Amino acid sequence: MEKKIETKKIIFSGIQPSGNLNIGNYIGAISQWVNMQEKYNCIFSVVDYHAITVKQNPEELRRHILEITKIYLAAGIDPEKSIIFQQSAIPAHTELAWVLNCYGARIADLNKMTQFKDKSGKNQESASVGLYDYPVLMAADILLYNTEIVPVGEDQKQHVELARDIAKRFNNEYGDIFVIPQAVIRKDGARIMSLLDASKKMSKSDSNQNNCIALLDDIEVARKKIMRAVTDSGTDIEYDMENKPALSNLLTIYAILGNREIPRLVKDYRGKGYGDFKKDLADVVVKFLTNFQDKYNKISDADAQKVLEAGKKRAEAIAAKKLTEVRQAIGIG
Ligand code: TYM
């Protein structure tokens with residue numbers, strides 16, 4: 001009998017091991033991935049070469065690489081179905097990034113990247129070249145695997161669009177080498193905001209960790225963080241991103257982690273105050289974290305290491321094939 005040809009679309013995404021993963025990363029990225037595993041061929045990376053675009057402590061970096069792998073597994077990424085691997089284990093990523101630096105990426109594109117502007121702040125001149133070039137490495141990650149869909153939070157949309165532009169430019173010159181990828185972003189929860197300042201994204205590299213709920217936070221610490229979260233003026237529980245951004249952010253967290261609909265929550269809290277709402281939200285967050293951490297604690301570092309090794313073997317075969325095509329197309333292979 002003829003073997004059935006695999007036609008599932010390919011998904012690629014990744015997270016930097018640059019801090020403690022928080023519920024923003026979970027909601028914006030990981031929660032989307034888990035649901036995609038049945039329908040698509042999924043590849044999820046621990047993007048450690050991205051993490052070193054800002055200085056990392058070697059011991060912490062090593063710990064975070066395994067921690068993220070265990071978080072992927074605890075969240076429900078199944079290594080039998082999906083590929084999980086460490087980016088730096090596959091040199092094709094940095095090799096393709098170099099080619100794309102030369103053929104595809106332009107300084108004018110990189111100068112538009114808002115994340116570089118945010119991260120480098122006033123010290124752009126002293127930022128590393130790696131931080132500036134980081135979107136090109138991200139394009140290489142995506143383009144190596146014939147990726148069609150990139151599930152990310154909203155802050156990564158501009159980078160995925162750059163990957164599309166780079167791929168199109170390269171294809172125009174050298175033929176149909178790259179599949180043109182597309183970002184997929186959740187409707188609610190694409191950008192979870194800080195608990196203390198609703199104009200700022202919840203970020204794992206924030207120096208004040210009271211802004212974030214980390215997935216591995218101590219349960220009682222997490223409860224206190226929710227109780228201390230800022231709310232807006234007024235007393236009604238309403239979803240209104242313009243006028244009540246802090247409350248709308250808390251409602252989004254409640255709805256997603258508690259598996260509820262926002263309009264229904266608003267109805268249920270009619271006539272109740274912020275205090276009641278936050279107490280219930282803290283219970284929802286605590287329940288979610290307890291459940292998550294129970295699963296996390298059952299996974300050993302050795303398990304995570306094995307998953308990364310098996311993932312490397314599967315990913316590197318795909319990556320090597322694409323790199324060979326690229327090398328041949330440009331005349332070096
Ligand atoms: P990183 O490590 O900053 O974030 C990982 C994922 O979490 C999402 N995210 C959020 N979503 C909602 N609300 C938030 N507050 C929030 N904070 C972060 C991010 O959008 C991301 O999806 N450059 C990427 C990693 C990367 C990558 C790739 C992603 C490297 N190569 C290839 C996709 C494909 C990054 O720094 O994500």
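When a ligand or atom number is given, it counts from 1 through the structure's own listing order. It should be emphasised that the depicted structure is a prediction, and the values quoted were computed from it without experimental measurement.
Residue contacts with ligand 1 for Ser203 are absent, since no atom lies close enough (heavy atoms, distance under 4.0 Å). Contact annotation: for Val152 versus ligand 1, heavy atoms closer than 4.0 Å belong to both the backbone and the side chain. Only side-chain heavy atoms of Ile142 come within less than 4.0 Å of ligand 1; its backbone N, CA, C and O stay farther off. Residue contacts with ligand 1 for Arg191 involve N, CA, C or O but no side-chain atom from C-beta outward (heavy atoms, distance under 4.0 Å). At a 4.0 Å heavy-atom cut-off, ligand 1 touches Ile192 through backbone and side chain alike. Heavy atoms of Val47 found under 4.0 angstrom from ligand 1 belong exclusively to the side chain.
Here Arg63 does not pair with Asp301 in a salt bridge; the nearest charged N to carboxylate O distance is not below 4.0 Å. Lys201 and Asp118 are not joined by a salt bridge, as no carboxylate oxygen comes within less than 4.0 angstrom of a charged side-chain nitrogen.
Scanning all protein heavy atoms for the shortest distance to atom 37 (O) of ligand 1 gives Gln156 NE2, 3.7 Å.
By the 3.5 Å distance cut-off applied to N or O atoms, Lys204 is counted among the residues near ligand 1.
Within a 6.0 Å radius of NZ in Lys9, other residues, nucleotides and ligands contribute 12 heavy atoms or fewer.
If you look at Phe116 and His159, their ring centroids are not closer than 6.0 Å.
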